Colleague: 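Dropping a structure here in C-alpha cells format, bear with me for questions.
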There are 2 protein chains.
Amino acid sequence: MSESTKRKLSGAALEKVSERFKALSEPMRLRLVYALMDGEKTVSELVRETGGVQANVSKHLSVLLDAGILGRRKQGTSSYYRIVDESIFELCDLVCGSIHDRLVAQLDELGAPPRS
Amino acid sequence: MSESTKRKLSGAALEKVSERFKALSEPMRLRLVYALMDGEKTVSELVRETGGVQANVSKHLSVLLDAGILGRRKQGTSSYYRIVDESIFELCDLVCGSIHDRLVAQLDELGAPPRS
DNA sequence: TCGTTACATTACTAGATAACGATATCACCA
DNA sequence: TGGTGATATCGTTATCTAGTAATGTAACGA
C-alpha cells in the first residue's frame, strides 16, 4: 500500500482537487469512463452502450474532456473519445476498497454471527 | 506505482463510488478533512481553523460522517471528529499528481521554451 | 432551576446542474 | 447544391445543494 504524503494543500489546490472529484461524482460520467476502458469510442457507440440520450452523453463527455480526464479526436463526422488520465482507475479502486472495508466493519458491528 | 485492476463495476457500485466522490467534491469539506489530519478536533476548533460558520461546518461534518470518511465521539457538550478512512489522503495525492502532470503537459504544448 | 456553552437541526434563498427536446453545425455524398 | 448522418449547443424545467439565520437540544455549572 503506497503511503500518502499527507501534505497540507493550499486553498487554490483544494479547489482544483475538489473540481476533479466533482467531475467523477456523477454515475453517468463514471459509466462513460468505464465504457472507454477498452479503447476509444464514438459518441454514438457510447450512447448505445450506456443507454443515455445523445445530448446528455455529449454534455457529460465535454465535462470529462474539460477536466482533463478524456481526450477527443475528430475524424469525419465522428468524435472519438479516449481516456488520457489513467489514474482514474486507481482512484476508483481505492474508493471501492474503502467502501468494501466499511461494509465489512458494519457487518462486524452487527455481532459477527457468521464468523466463529 | 500500484497498478489498478480496471475491473468493470456494476450499476450499484458505480452509484456508491460516485457518492464517495461527491462527498469530496466541495472545497469546504476538503478543508475540514485536511484540518483533521493532525488528530481529532471539536466543531468549535474546526470553525476557528476553517473560518466557516458553525451551522455550515456542522452540516458538512455530518455529510462526511455519513459518507464513512469521518468518525465522531461525544464528550460533555463537545463533539470530537476524526478521520476514520485514511485512504482519503491517497486519493488526494493521486489527484494532485494527475493535476500536476496535466499542467506540465500543457506547458510543453506551449513549446517548452525554458527547457531547450 | 436558571443560564451558558456547544452542537445539531430546520427553514429559507440563491445558485448550480442534470435531463431533455429542439436546433445548429459540420462533414460527407449523390 | 441539396440531403443525410453525427455531434454540439441552446433553452427550458426540475432537482439539488451550499450558505445562513433562527431555533432546538443536551450537558454542565452557579
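Proteins come first, then strands; the chains are lettered A, B, ... in the order of their sequence lines, and each starts at number 1. These numbers come from a predicted model, not from an experiment.
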Colleague: Is it true that a side-chain atom of Arg29(B) and a backbone atom of Ala23(B) form a donor plus acceptor pair closer than 3.5 Å?
Modeller: yes
Colleague: Has Ser25(B) got a side-chain atom pairing as donor or acceptor with Lys22(B)'s backbone, closer than 3.5 angstrom?
Modeller: yes
Colleague: Is any side-chain N or O of Tyr81(A) closer than 4.0 Å to OP1 or OP2 of dA8(D)?
Modeller: yes
Colleague: Nearest whole angstrom, please: distance from the C1' of dA6(D) to the CG of Leu46(A).
Modeller: 13 Å
Colleague: Please tell me if the side chains of Thr50(B) and Met28(B) come closer than 4.5 Å, counting only heavy atoms from C-beta onward.
Modeller: yes
Colleague: Among Lys41(A), Arg72(A), Glu40(A), Arg73(A), whose side-chain contact (heavy atoms from CB on, under 4.5 Å) with Tyr81(A) holds?
Modeller: Arg72(A)
Colleague: Going by heavy atoms closer than 4.0 Å, what residues in residues 26-36 of chain B are next to DNA chain C?
Modeller: none
Colleague: Hey, does the side chain of Arg82(A) reach the backbone of Leu36(A) with a donor-acceptor pair shorter than 3.5 angstrom?
Modeller: no
Colleague: Can you pull out every ring-ring contact (aromatic ring centres under 6.0 Å, His included) where at least one residue sits in residues 25-52 of chain A? Sequence neighbours excluded, please.
Modeller: Tyr34(A)-Phe89(A)
Colleague: For residues His60(A) and Leu46(A), determine if any side-chain heavy atom of one lies less than 4.5 Å from a side-chain heavy atom of the other.
Modeller: no
Colleague: In terms of side-chain heavy atoms of Val43(A), which of dA8(D), dA6(D), dT17(D) is nearest?
Modeller: dA8(D)
Colleague: Round to a whole Å and report the spacing from CG of Leu24(B) to C1' of dT17(D).
Modeller: 16 Å
Colleague: What I'd like to find out is whether the side chain of Arg31(A) reaches to under 4.5 Å of the side chain of Glu26(A), using heavy atoms alone.
Modeller: no
Colleague: What is the distance, rounded to the nearest whole Å, between atom CZ of Arg72(A) and atom C1' of dC26(C)?
Modeller: 13 Å
Colleague: Between P on dT15(D) and NZ on Lys22(B), what's the gap in Å once rounded to a whole number?
Modeller: 15 Å
Colleague: Between Arg73(A) (CZ) and dA8(D) (C1'), how many Å, whole number?
Modeller: 18 Å
Colleague: Evaluate the side-chain contact (heavy atoms from CB on, under 4.5 Å) criterion for residues Ile69(A) and Leu24(A): first the C-alpha distance (whole Å), next the side-chain angles of each, then the deciding distance (0.1 Å), finally the verdict.
Modeller: CA-CA 9 Å; Ile69(A) 295 169; Leu24(A) 297 172; 3.9 Å; yes
Colleague: At a heavy-atom distance below 4.0 Å, what parts of residues 47-70 of chain B sit against DNA chain C?
Modeller: Gln54(B), Ala55(B), Ser58(B)
Colleague: Is the shortest side-chain N/O distance from Ser79(B) to OP1 or OP2 of dA6(C) below 4.0 Å?
Modeller: no
